[in-house]
Amino acid sequence: MSEKLLQVKNLSTYFYTDEGVVYALDDVSFDLEKGEALGIVGESGSGKSVTALSIIRLVQSPPGRIVSGEVLLQGEDLLKKSAREMRRIRGEKVSMIFQEPMTALNPVFTVGQQIMESILIHQHKSKKEAREQAVEMLRMVGIPAPEKRVDDYPHQMSGGMRQRVMIAIALCCNPQLLICDEPTTALDVTIQAQILELIRDIRERLGTSVILITHDLGVVAQVADRVMIMYAGKAMEYGTVREIFTDPRHPYTAALLRSIPVIENKTERLHVIRGMVPSLSKRPEGCLFHPRCDEACELCRTKRPELVTMADGRQVRCHKYTDEWEGQHNDRQ
Ligand code: SF4
């Protein structure tokens, strides 16, 4: 039987600003099995990074506040943990890597010192043992001549190497969950492929569960088992990678897929989703996607859709799949 590692239930995080309340994450639920990889996909401002920061309780407060929900890691609610307990959990059980490794690494310490710091904080090891482990971690993430590179400073490494170092730091305490927030956005395409391969390999070798946050559906296709599509702080659709790619049901998911360039199709222009993600402090009435949706009707403009679980288990937040939509559209025929 599959084992749930993480269950996120009705999680909401708001930011209280001078301009009003920003509903960055609004009633989001999902789960993750042991060893599974979940892709969280959306445009900037969709709430995907706030989801990750809320899970590991690193939302800047003020102005941010987790206002409701549960984050159950092996049944224990992280939202009820003390700050001290969370420091232990971050690193030992849950680790995160960020988009830009140069800003995440400290420029005045060698990469070895930075890996060792994490080992010395979380494990009872001597400095010598920690250094040996740091070398092993660099070897594991594919850095050549790790015995030498362990004494390099971040600026002596390429962007891809630095991201490998970040992954080594994240993995040195063998966490159960690795959260990768846009891990390849700042890298060129060949390095991006190598880092994704490394994440896949780590997952297979160590059984680590992965949450991969990205705006790029292509990245998700390479690493994830399941996908959650987010828009304006809400989950719009869940499905397996195959389901999302072959049978997208939410108009936003379908539009995202249409905007991926396909090499065989010689089109003059790529599809673009008209309009912009709405301001999260001044959200539109009804469906949050309705100002950009080609299928929007009066129902969409006035009533917020709920997440509907369909007969085959797919979950979609769209009126199209409700009896109310059927009723209204049949009446017009
Ligand atoms: Fe489009 Fe209406 Fe569905 Fe929203 S609820 S995605 S506006 S069809």
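When a residue number appears, it is its place in the shown sequence, counting from 1. Ligands are counted one by one from 1 in listed order, and the atoms in each one are counted from 1 as well.
- Atoms of ligand 1 found under 4.0 Å from any heavy atom of Ala296, numbered from 1 in the order shown, are 7 (S).
- By the 30° and 60° cut-offs, the orientation of the rings of Tyr252 relative to His250 is perpendicular.
- Ile89 CD1 to Ile56 CD1: the interatomic distance, rounded to the nearest 0.5 Å, is 11.5 Å.
- If you check which protein heavy atom lies closest to atom 6 (S) of ligand 1, you get His250 CE1, 3.5 Å.
- By the criterion of a heavy-atom distance under 4.0 Å, the side chain of Cys287, and not its backbone, is placed next to ligand 1.
- At a heavy-atom distance under 4.0 Å, no atom of Arg317 approaches ligand 1.
- For the pair Leu79 and Ile66, the minimum side-chain heavy-atom distance is below 4.5 Å.
- Among Val219, Thr214, Val210, the single residue meeting the side chain to side chain contact (heavy atoms under 4.5 Å, CB included) criterion with Cys180 is Val210.
- Protein heavy atom at the shortest distance from atom 3 (Fe) of ligand 1 is Cys318 SG, 2.3 Å.
- For atom 1 (Fe) of ligand 1, the closest non-hydrogen atom of the protein is Cys293 SG, 2.4 Å.
- The atoms of ligand 1 that sit less than 4.0 Å from any heavy atom of Pro251 are 1 (Fe), 6 (S).
- Counting protein heavy atoms only, atom 2 (Fe) of ligand 1 is closest to Cys300 SG, 2.2 Å.
- Using a 4.0 Å cut-off between charged nitrogen and carboxylate oxygen, Asp225 and Arg242 do not count as a salt-bridge pair.
- In this model, a donor atom of one side chain and an acceptor atom of the other lie less than 3.5 Å apart for Glu237 and Thr253.
- The protein atom (non-hydrogen) at minimum distance from atom 5 (S) of ligand 1 is His319 N, 3.3 Å.
- Tyr23 carries Arg283 over the face of its six-membered ring, with the cationic atom under 6.0 Å from the centre and within 45° of the normal.
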